[in-house]
Number of protein chains: 2
Amino acid sequence: MAKRSSSSNEVLLGLLTIQPMSGYDLGQTIRESVGHFWNESYGQIYPNLKKLAAGGFVTARTERQKGKPDRQIYSITQKGRERLANWLAVPPQPEIPRNELLLKLFFGGQASLQVSMEHVQRMIETESAILRKIEQIEKEIDKNRQYPDVPYWSMAVRFGQLELEAHLRWAQETLTVLNKLAKKQQSRGTARKERRHGGK
Amino acid sequence: MAKRSSSSNEVLLGLLTIQPMSGYDLGQTIRESVGHFWNESYGQIYPNLKKLAAGGFVTARTERQKGKPDRQIYSITQKGRERLANWLAVPPQPEIPRNELLLKLFFGGQASLQVSMEHVQRMIETESAILRKIEQIEKEIDKNRQYPDVPYWSMAVRFGQLELEAHLRWAQETLTVLNKLAKKQQSRGTARKERRHGGK
DNA sequence: GGGTGCATGTAATGGGTTACATGATTCT
DNA sequence: AGAATCATGTAACCCATTACATGCACCC
């Protein structure tokens with residue numbers, strides 16, 4: 001069984017080393033910091049926080065607010081830090097990739113060239129947007145230079161940059177190839193038509 | 001509900017357009033062709049083939065073998081091709097990334113520099129191996145130039161190449177940064193020691 | 001008046017891996 | 001003799017997302 005024992009709990013512990021936070025805060029922080037290489041849904045965050053609290057890895061304190069609902073503020077404990085350190089020392093599992101775009105492109109021969117080109121085009125747009133967002137994050141990190149973990153955050157950002165740039169280079173290259181295929185198909189099409197209709 | 005309606009069925013359909021195959025063959029083929037961007041386990045392949053057969057997207061024919069167990073050979077039907085084409089036309093869903101290495105590096109401040117460096121080092125080794133395998137696949141594709149889908153396969157391979165190269169560049173760069181951090185930490189360590197012991 | 005943000009939580013649902021079961025053959 | 005490959009299949013389990021539920025405040 002064992003399986004992945006997935007890192008969902010450890011992201012929470014890790015972020016709580018920066019400062020105590022509520023489940024809601026954690027959700028926000030995940031999206032804004034590690035969002036481009038790690039996601040968690042609230043349906044995962046809230047139950048996991050309860051489990052972590054039950055195990056003594058975090059402690060909860062209720063903060064009452066006027067108007068808004070109460071907040072549960074979680075802090076990491078010594079035991080939690082130890083668990084985090086243990087997890088950090090374990091070599092990361094090799095990723096099981098699932099890239100739907102590549103899959104659709106791989107079977108591109110079963111669709112029209114138009115379809116494949118649109119997919120790549122759309123990819124360029126979404127990934128460019130992410131790249132811009134990451135560069136935004138980079139600036140944000142630079143502003144908060146007081147935190148000692150900044151070098152590590154920068155490494156993660158840098159990864160995103162280099163990877164996305166590679167993706168975009170590939171996408172441009174691929175569009176060129178698809179265009180050439182389209183021209184070939186077109187010329188074959190007219191050639192056939194000309195033959196059928198007795199040429200010009 | 002709807003959810004991802006995941007592409008597990010469509011990979012099977014897609015590969016069956018190349019030629020009729022058994023569930024076992026499909027497993028092999030997936031690993032050897034789309035393996036670096038798409039995975040399927042047998043626990044997924046066999047039940048899905050049955051469902052596809054029940055829906056009329058593929059047909060099964062039993063092939064008896066001496067010594068070895070019977071093989072169920074599946075062929076794609078016209079209905080299956082239509083389903084594949086429909087799926088191909090749908091814009092691929094943006095990936096929900098989960099990169100455990102990056103996560104561990106992001107929280108690197110909670111562990112020793114040694115740990116982070118080992119993770120990156122190990123990544124260089126595994127990704128280099130994958131890169132070599134992909135270059136092998138490239139040659140394999142070049143040999144089978146008779147298939148009309150070769151250009152599409154090449155695009156997928158090229159993606160893997162560019163991405164992995166970017167990863168490796170990042171890893172080298174990151175090792176350098178980690179080394180510098182280690183030196184800084186060391187000099188601070190000796191400085192403190194010298195102060196404590198009255199300096200030289 | 002209606003949408004969005006704050007804030008927490010549970011239930012349903014589904015996707016997917018791992019482990020188990022079976023059994024003959026071939027390679028080392 | 002034992003491991004690996006061929007070959008198919010099922011059951012257990014778990015991870016995770018989505019949907020639903022609730023309710024106040026603030027802004028347009």
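Chain A is the first sequence line, chain B the second, and so forth, proteins listed ahead of strands; every chain is numbered from 1. Keep in mind that the numbers below use all heavy atoms, side chains included, and drop hydrogens, waters and symmetry copies.
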K.L.:
Looking at dA16(D), dG16(C), dA7(C), which one has an atom nearest to any side-chain atom of Pro69(A)?
P.N.:
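Nearest to the side-chain atoms of Pro69(A), counting from C-beta on, is dA7(C).
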K.L.:
Would you mind reading off the distance between Lys50(B) atom NZ and dT10(D) atom P, rounded to a whole angstrom?
P.N.:
4 Å
K.L.:
Once you round it to whole Å, what is the distance between C1' of dG9(D) and CG of Leu49(B)?
P.N.:
12 Å
K.L.:
Nearest to the side chain of Tyr46(B), heavy atoms from C-beta on, is which of dT18(D), dT8(D), dT10(C)?
P.N.:
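Taking heavy atoms from C-beta onward, the closest nucleotide is dT8(D).
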K.L.:
Rounded to whole Å, how long is the line connecting atom CD1 of Ile73(B) with atom P of dA7(D)?
P.N.:
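Value for this atom pair: 8 Å.
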K.L.:
Is the backbone N or O of Lys133(A) less than 3.5 Å from a side-chain atom of His36(A), with the two atoms forming a donor-acceptor pair by type?
P.N.:
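Between the backbone of Lys133(A) and the side chain of His36(A) there is no qualifying donor-acceptor contact (under 3.5 Å).
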K.L.:
Parallel, tilted or perpendicular: which describes the rings of Tyr147(A) and Trp153(A), with under 30° parallel and over 60° perpendicular?
P.N.:
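Taking Trp153(A) first and then Tyr147(A), their aromatic rings sit tilted (interplane angle of 30° to 60°).
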K.L.:
Atom CD of Gln44(B) and atom P of dT8(D): how far apart are they, to the nearest Å?
P.N.:
17 Å
K.L.:
Nearest whole angstrom, please: distance from the P of dT17(C) to the CH2 of Trp38(B).
P.N.:
10 Å
K.L.:
Just compare dG9(D), dT18(D), dG16(C) and give me whichever is closest to any side-chain atom of Gln72(B).
P.N.:
dG9(D)
K.L.:
From the list dG5(C), dC15(D), dA7(D), which nucleotide is the closest neighbour of the side chain of Tyr24(A)?
P.N.:
dG5(C)
K.L.:
Identify which nucleotide among dT17(C), dA7(C), dA16(D) has an atom closest to any side-chain atom of Ser6(A), counting heavy atoms from C-beta outward.
P.N.:
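Taking heavy atoms from C-beta onward, the closest nucleotide is dA16(D).
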K.L.:
Among dT8(C), dA16(D), dT8(D), which nucleotide has an atom closest to any side-chain atom of Ser22(B)?
P.N.:
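Nearest to the side chain of Ser22(B) among the choices is dT8(D).
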K.L.:
Whole Å only: how far is the CG atom of Leu52(B) from the P atom of dT8(D)?
P.N.:
15 Å
K.L.:
At 4.0 Å (heavy atoms only), tell me whether Gly43(B) reaches a base, stays on the sugar-phosphate, or touches nothing.
P.N.:
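The residue Gly43(B) makes base contact.
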K.L.:
Can you identify which nucleotide, out of dG9(C), dA16(D), dA7(C), has its nearest atom closest to the Ser8(A) side chain?
P.N.:
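From the listed options, dA16(D) comes nearest.
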K.L.:
Please give, in whole Å, the distance from dC15(D) C1' to Ile45(A) CD1?
P.N.:
15 Å
